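Read the structure below first, then the notes.
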Amino acid sequence: MNGVLLSVLIALPIAGAGAVAFISPRRPAAARAVGLAAAVIAFLVAAWIWAAFRPGRPGLQFEEHAAWVPAAGIGYHLGVDGLSVSLIALVALLVPVAMAAAADQVHDRTKGFVLTLLLLEAGLLGTFLAQDLVLFYVFWEAMLIPMYFLIALWGGPARRAAAIKFLLYTMTGSMLMLLAIVAVYLQGARVIGTPTFDLPALAARPLGWTPAVEALLFGGFAVAFGIKMPVWPLHTWLPDAYAEAPPVVTVLLAGLMAKAGAYGLLRFCLPLFPDAVRAWGPLFAVLAVVGILYGGAVAWAQGDLRRLLAYGSLSHMGFILLGIFALDIQSVQGSVLQMVNHGISTGALFVLAGILIGRTGQGRTDAYGGLAAATPALAAVTLIVVTSSLALPGTNGFVGEFLILLGAFQTHPVHAALATVGVVLAAAYLLAFVGRIFHGPLRPDLRGLPDLRPREYAVLAPLLALIFWVGWVPGPLLDRSEATVRALLKPRAVFVAGAPHASMTPPPAGVERKGGAPVKQAVTRP
Amino acid sequence: MTWNDLAAAAPETILVVTACVVLLQDAWATGAAPEAERRGSAPAWLSLAGVCAAAIAAAPAAGEVAAFGGMYVRDGITRLADLIALGTAAVGVLLADAYVRRMRLPAGEYYALLLLSTTGAMLMAASRSLIVLFLGLEILSLPLYVLAAIARRSTRSQEAGLKYLLLGAFATAFFVYGVALVYGAAGTLDLRVLAGQPPSPLLGGGLALLTVGLGFEAALVPFHGWAPDVYEGAPLPAVAFMSVVAKVGAFGGLIRVFPQGLPHAAAAWAPMLQGLAIATMVLGNLAALPQTNLKRLLAYSGVAHAGYLLIGVAAGGPAGTGAVLFYLAVYAAMNLGAFGVLLLLDRRGAEADRLEDIAGLWGRAPWAAWTLAICFVSLAGFPPTGGFIAKLYLFRAALGAGQTTVALVGVLTSVVSVFYYMRVAYVAFSGEAPADVAVRPSPLAGAALTLATAGVLIYGIIPARLTAAVQQAAALLK
Amino acid sequence: MSAVAVTAVLIPALPLAGWVVLGLWGGRWPGRAAGWVASATVAGSFVAAVALFESLAALPPDARTVQVDLYRWIAAGALAIPFRLLADPLSAAMARLVAGVGMLIHIYSIGYMARDAGGARYFAYMNLFMASMLLLVLAGNLAVMFIGWEGVGLCSYLLIAFWFERPAAARAGVKAFVVTRLGDVGFLLGIFAVFGTFGTLDFTAITREAAARLPLGGGLATAIALLLFLGAVGKSAQLPLYVWLPDAMDGPTPVSALIHAATMVTAGVFMIVRLHALYLRAPFALDVVAVTGAVTAVFAASAALVESDLKRVLAYSTISQLGYMFLAVGVAAWAAGIFHLMTHAFFKALLFLAAGAVMHALGGETDMRKMGGLARPLPKTAAAFGAGVLALAGIPPLAGFFSKEQILGEVFAAGHPWLWGIGLFTAGLTGFYITRAYVLTFAGPPARVHENVHEAPPVMWWPLAALVFLAVVMGVVLEHVVPLAPWLQPTLGAGALKSAGGAAAAAAEPGAVHAMLLVVSVAVAAGGIVLGWLVYARGAIRGQAPVLGTILAHRFYIEDLYDAAIVAPSRALAGWAAAVDRGVIDRAVLGVAGGLGWGGAALRRLQNGYLRQYAAFVLIGALIILAYWMLRP
Amino acid sequence: MTVPAPYYLALSAVLFTAGTAGVLLRRSALIVFMSVELMLNAVNLSLITFARLHGSVDGQVLVFFVLVVAAAEVVVGLAIIVDVFRSRETVDVDDADALRG
Amino acid sequence: MDVVLFGITAVCALAGGAGVILSRRPVHSALGLLLVLLSLAVDYLLLGAQFIAAAQVIIYAGAIVVLFVFIIMLLSQAGERLGPGAFDGPVAVRFVAALVVLLAAGLIALVTRTPSAPAPVPAAFGTIQDVGRSLFGRYLLPFEAASLVLLVGMIGGVALGRRLGPRT
């Protein structure tokens, strides 16, 4: 069973979409139920994978490898490792969450919506699971089309422009990446002897680039991932897309798709172009810091709810980027964790934004005021999510950002210091957000606005639980990624082609840590 | 002529015979009420049978068989080109049936011309002599002129025919002049002999003019001027057919002349083709941006795709040639599918070819909308459709040949193309259907669309077999 | 788990549980149930804290440092942060103080918030605050401390903005949070630097290895110390990050008492004492701490002189007193700092709660210009406030006297006569402004007639009374009965012994000098009181200093400076960045798209339908490729 | 053969060019068409010349096919032109500009 | 002798060519074309292409030009409109002229670089037997293909020339 589990995971949403396709458009509830069922089953599978994943091993697990287009060296190669295992769980979690939230927010052409959402999920899962460059690219792009339609068909008044902007932006990046992929393949064929798009095979040994070529190819990948994240200044699709997409879709856009960019940097750029990453890392660190501060500042100046969150997201993704390019075990671990965290908290923020907008139809913050009086539960939940976004300790956001900044400080102290200022900016704009919406005198037209409904509680509950769980017990997540990240940062020792299980003896967790106390040891007297 | 020769050219022979049978049947059967039958008309079924028979004849992979004194070769390239052309013909027939009857076009002539044109394309792809190439070109294009003008009640169809014909004849003159110069330089019309010739200015001039003629048929910029106007004016099924078959012929010819005919002079001709490819991709895609007439939009799209195809020819070698063949197969499927959906629509007895005509298609005919979306997504080059794999191979070929610039332009223009393709897909899925546009599904057209969509998806999701076939075919060029 | 461990865990866990329970279900409970439950959890904490204190006391002094590891919290690479509590004399004393004062204020709040609909929310926040503060105090490493550190900040924000429908309160909450976060930047960076230096964030390890890893007076030690101090400046409202605290008075008064007087704002002092080993390696940083404290003390005291809002007077007073504490720790008088922290907690909480009682009586009024003569209707409150006044002013034998004297003595002994002078002057100012506040509120003729003025209900009065008692006796107790300094010695090491009370300091000095200092300081404080009485009660001195008054009223224009130099430019910068985003970056992108569209339109014009034009294209193309072939080298 | 081959070829080139000019400059579809025929004839001259030059009959054979093709093109072309004329009463190619953009 | 003959035919051909493209009336163009065809037929003879010369006269002059004239007569009103058309502005004309001159220059430059010495040829070169043998031997496939071209022409003529039924 484990041999095909990942394929099953990807196939589930597709099968769900197929099932939904046969439901009459006049029965939206049935479509929603079937779609949700498929997504929940996929979540269960993903949760099982997450639980069964064995930490401490750097290589791929649940690996599947089959020929796809043997004549062209394209393989069907799936696998999870520390980088992706939590992300696929996040995908599988957020999609049903979004789908459930959509029940209250999307009433138009429900069948198509559910169907498209499921296709998107398949694309997302595949993106995080693919270990073959072409397969990855297929999934990477396969996310785009459903997302385009989700924005263009179910979005706000300027949805068409936003959707096409999103699409063209991301396409530009991915097309450059495609060229880079092909170039890697060709070079790989020259060096390895057999033409292959298989990532572990290509990453197994240096491909003998000249620095200039390596930088160019790294650039091709980095632009694609940078647009997706987004990295300043490639971000201007983001506010439009985030603001125009239906909020539940923005949940996925911000919560998951952005992660695909950061994930790609770790998954592909680090192993394939280690030297270029080190050479150009400082530039990206600077861009990350600029993004953090710039995003925060612009967010502060936004009058639109979702634009504010969008720029906030830009700022937050800057932390992840900084963590990656600080190339320090703590910072990269922090980034990997923060990808999940940001997915949870930004996802929750946009769910909340969707609830608000669904209630009032208003997107601008000045249309709100004093809502804490009318909807105390909503206010409380928002506050919790905001604290997570603010990276307050005790929430998930803290662990990630703390690790990122701590790690980055060791290698890039100035960057880290400036990035830490971004934490203040986050406080400024997020509390301004809370203040404008929930504080102050209650606007008369908002009186009697209904508070959270049971279904909305149900949607938010898992996210809130995760916020605290990861905040207090991040160990399971960090442990899962540690070995992989460690291997990733060790130049050229990571991917042993074909035999990831066999070769590496996992470093015994916790033993070699400096100053660390073993778990659960009650009292130590110095 | 021996039986072997005829056996080698069996697909063409079958098509020609079928064309004659169709004509005769049509002549006998005049007076039968054509409108009533939903099952499809007799000429359509006859043509289909002929095409299938030809496909069966073309299908076996038989290594390399030279016939007619070496002027005609049946090898992997021929086989694939034949199958693509025949598939196009089959889908073209299926798509045309309802339209031909609805618009009261002369059915016998229509199908006979379609079959002959297919024959021409197949001849071009099989030619190893410039004479055969020239005649194939004419057999391909002459029927297309007629098909463009065949909706005689429509002044637009007439205009399309006139433009196509006059410009086509003009370009043919260039082509023949090119043949003459090559002949003058090499003293031979045999492409196999040509391969040993050192490049000379005269040969170069000949190749240049040859390229004009082939480029015209392929609608390369700047020889593309006819394409938008003809596509817009000609009857839809004819456009669907010609948009593919002309490219099959033209690129079959280009492969025979350049990568296969002159591999040693690649350094000389590759830059020319790259330049043309760049111009074609850029202009085709840019010009498509503001289009609101779908036929016109697809015409420019066809121009742009000619540019992509040319990347493969310019890259040459097995990789480039294989990529071109793969791309042609995918292009046939997706382009026919795209046009095919338009064929289902009817605006008060006329073609519904405006962008707004497909609005709300999703609501009234979801499967048609999905087909359209899949085909346009493929045209835009997104996975998991064939369009993506095809582009992947093209870029691989270009980068493998060190042609980075053209690949870069290719990817960037692909991004531009996304704008107009996805706009169409968007419109089909949104808005209200216009009241005066009706959806007229027919079983044959449905079958055609199913075939096309299946092709698009199969080439995208399980492309292994086609890839292997294409590689095997192109391996000849090593 | 040992008893120590259990109690140490229980101390923050009880209020945390209270928060969870209240947050989830408290809203549905009838009447004052939420308040009592919350108070009960804190009382439980207090009991546990006392138990912890006692069990530590039962141990030999060298064994009084107990680390309690709950689980591995964050681990990545070489970084391993256990969730670790540290039970030692310092944290035990602090926990007992925090839980005790917190318990009293919780109980007081039951009465104070009785009429407020959001009681459950209030007590949930308060419980969360208690949990955070106790965690801060008991934390075994910097990361865990940071949980508490940020937790109290969050609760501060929540409670300041408790009456969120008041825009001023909401704004003040945000201000408090953002300004303290500004300090937290330094704190965080300090933590990172500590990790970079020590490879751990553990307090005991830092204390143990500071001398080994940090050269005395080295740049690294100074940098770390100053970065961490920045956090303390924000949290403890020192110059220049004090601005949030006066505004924080928009929150409910018990909140001001608990968070913005007794506990949270002292976290900075506590943190420095906790990391005293590190600070000892950075004398310059210590000097900075001391000077900052001294300047803040006198500055805030002078600002309090002209403030007309009762709570704001107390707020400035708090800032000023915190300055005292920093002055103390700045001269490495750790125990003195903690001593003052404790006495201040008692008398300042007392003052606030008394002020709260006044407000309770007057329906929320805080403007002293509208008060006066309240001693008559509110004698008990007036008396309590009066006790606080004397304690704050440092009149013997009340609590403030002892701790203040200890500080001034240490400062003088440490060889900082200027700082001593400032402290002394501040003592005079303190006496003056607090007397002024008392007089304006309770003495003299009523400024206006208030309806229905009544004493606080018992549930408020008893905590008040308890604080009066504490404010009166705790100085003596901690100086002489259960001396603080020796108790803290296991934690603070030799440093604690050095500052073993004013008496010890005095032992080093000639008795005459010490006595003189004592007399001078008491005289100054008393002088301030007398002067205040004369000016405000008797109207004896009518001298006006309008310029000075104006400057003081504007706090030396520091806040205006902030607005002009930082806040406004930041906002402008943000707006500018947003404009750049739309106008430059996005426009560049749209420009590319527009250019492509324009190209398409141009090509469209070229395709003009004329056959001969197309033929010309063909010819041009033919010519170009012909030229290519002919011109090819 | 006493006339140098380049003479013939140059004549052919000039005639070809003349035909091109006719296509570009004339507005009557008939004359345009005749210009194309002129171009084809020019090509034929080149082919015959080259055939003579190389002493191979291939060129002549090709000319034969060009003749055939020209005949077929003329049939189709004239049919279209007649058709156009029937509906428009003109064969001016500049009038055929309904399809554009 | 040959040179003189070539000179005459060249002049005639050029005159005919000019006539094709410059005549106001299509029928004059057709006559110009005829002149070109006949002149070239003579050249073909000079170049040893007897069969093609004959075919030229029969097919081109005898069939194609006649067809042209026939159609010109049929469309007797189809005179070109006077005055500049949409594409006949002075700039456009000059531009076209420049293009044409460039083309001529390029082509002449290209072809005049060829060697002028012809290969020796047998006596039967270009005779009907010679060409016929090729046509039905080596060039059988093109020959068959040419029949297809004619078939297409025929079908096209039928399809486009047939009387239209009543509009529905």
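This structure is a prediction, so every number in the text was calculated from the model and none was measured. Below, read A as the first sequence line, B as the second, and so on, with proteins coming before strands; counting in each chain starts at 1.
Between Phe33(D) and Phe68(E), the ring planes are perpendicular. Angles over 60° get that label, and only those under 30° would be called parallel.
For the pair Arg52(D) (side chain) and Leu46(E) (backbone), a donor-acceptor distance under 3.5 Å is absent.
Both the backbone and the side chain of Tyr7(D) come within contact range of chain E, with heavy atoms under 4.5 Å apart. Heavy atoms closer than 4.5 Å to chain D are found in both the backbone and the side chain of Val3(E). The contact between Phe65(D) and chain E is made entirely by side chain atoms (from C-beta outward), counting heavy-atom distances below 4.5 Å. Residue contact with chain D, scored on non-hydrogen atoms closer than 4.5 Å, involves the backbone and the side chain of Ala30(E) alike. With a threshold of 4.5 angstrom between heavy atoms, Ser56(D) approaches chain E through N, CA, C or O but not through any side-chain atom. Contact annotation for Ser134(E): only side-chain heavy atoms (C-beta onward) come within less than 4.5 Å of a heavy atom of chain D.
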Side-chain donor-acceptor contacts of residues 47-63 of chain E below 3.5 Å, not counting sequence neighbours, with atom names and distances?
| unit_1 | atom_1 | unit_2 | atom_2 | d |
| --- | --- | --- | --- | --- |
| Gln56(E) | NE2 | Asn41(D) | OD1 | 3.0 |
| Gln56(E) | NE2 | Leu37(E) | O | 3.3 |
| Tyr60(E) | OH | Glu37(D) | OE1 | 2.6 |

Stepwise, does the side-chain contact (heavy atoms from CB on, under 4.5 Å) test hold for Ile21(E) with Leu25(D)?
-> CA-CA 8 Å; Ile21(E) 62 170; Leu25(D) 293 172; over 6 Å; no
Could you give me the CA-CA distance, side-chain angles and deciding distance for Met154(E) and Val76(D), then say whether side-chain contact (heavy atoms from CB on, under 4.5 Å) is met?
-> CA-CA 8 Å; Met154(E) 186 190 83; Val76(D) 169; over 6 Å; no
Check the pair Ile48(D) / Asp43(E) against side-chain contact (heavy atoms from CB on, under 4.5 Å), numbers first and verdict last.
-> CA-CA 9 Å; Ile48(D) 300 282; Asp43(E) 283 343; over 6 Å; no
Verdict with supporting geometry, Leu75(E) and Ile81(D), side-chain contact (heavy atoms from CB on, under 4.5 Å) = CA-CA 10 Å; Leu75(E) 315 180; Ile81(D) 290 173; 4.0 Å; yes
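Of all the listed residues (Pro142(E), Ser147(E), Ala146(E)), the one sharing the greatest number of non-hydrogen pairs under 4.5 Å with chain D is Pro142(E). Comparing Val63(D), Val69(D), Leu67(D) by how many heavy-atom pairs each has under 4.5 Å with chain E, the most go to Leu67(D). Between chain D and the options Ala109(E), Gly32(E), Ala104(E), Gly7(E), the largest number of non-hydrogen pairs under 4.5 Å is found for Ala104(E). Of the listed residues Leu5(E), Val131(E), Val36(E), Leu40(E), the one with more heavy-atom pairs under 4.5 angstrom with chain D than any other is Leu40(E). Counting heavy-atom pairs closer than 4.5 Å to chain D, the top residue among Thr9(E), Leu33(E), Ile108(E), Leu22(E) is Leu33(E).
Across every non-hydrogen atom of Arg24(E) and Arg26(D), the tightest pair is O-NH2, 3.7 Å. The two residues Val111(E) and Ala10(D) make their nearest non-hydrogen contact at CG2-N, 4.2 Å. Of all the heavy atoms in Gly157(E) and Ala79(D), the pair that sits closest is CA-CB, 4.4 Å.
Tested against Tyr44(E) for a side-chain contact (heavy atoms from CB on, under 4.5 Å), the candidates Leu47(D), Thr49(D), Asn44(D) yield a single pass: Asn44(D).
Residues Leu62(D) and Tyr139(E) are not in side-chain contact: their nearest non-hydrogen atoms beyond the backbone lie 4.5 Å or more apart.
Within the structure, the salt bridge (charged side-chain N to carboxylate O under 4.0 Å, His left out) test picks out the following pairs touching residues 58-81 of chain D (sequence neighbours left out): Asp58(D)-Arg138(E).
Interatomic distance, Leu30(D) CG to Ile72(E) CD1, rounded to the nearest 0.5 Å: 5.5 Å. To the nearest 0.5 Å, atom OG of residue Ser23(E) and atom CD1 of residue Ile31(D) are 6.5 Å apart.
Crowding of Arg25(E) atom CZ: a count of heavy atoms from other residues, nucleotides or ligands under 6.0 Å not exceeding 12.
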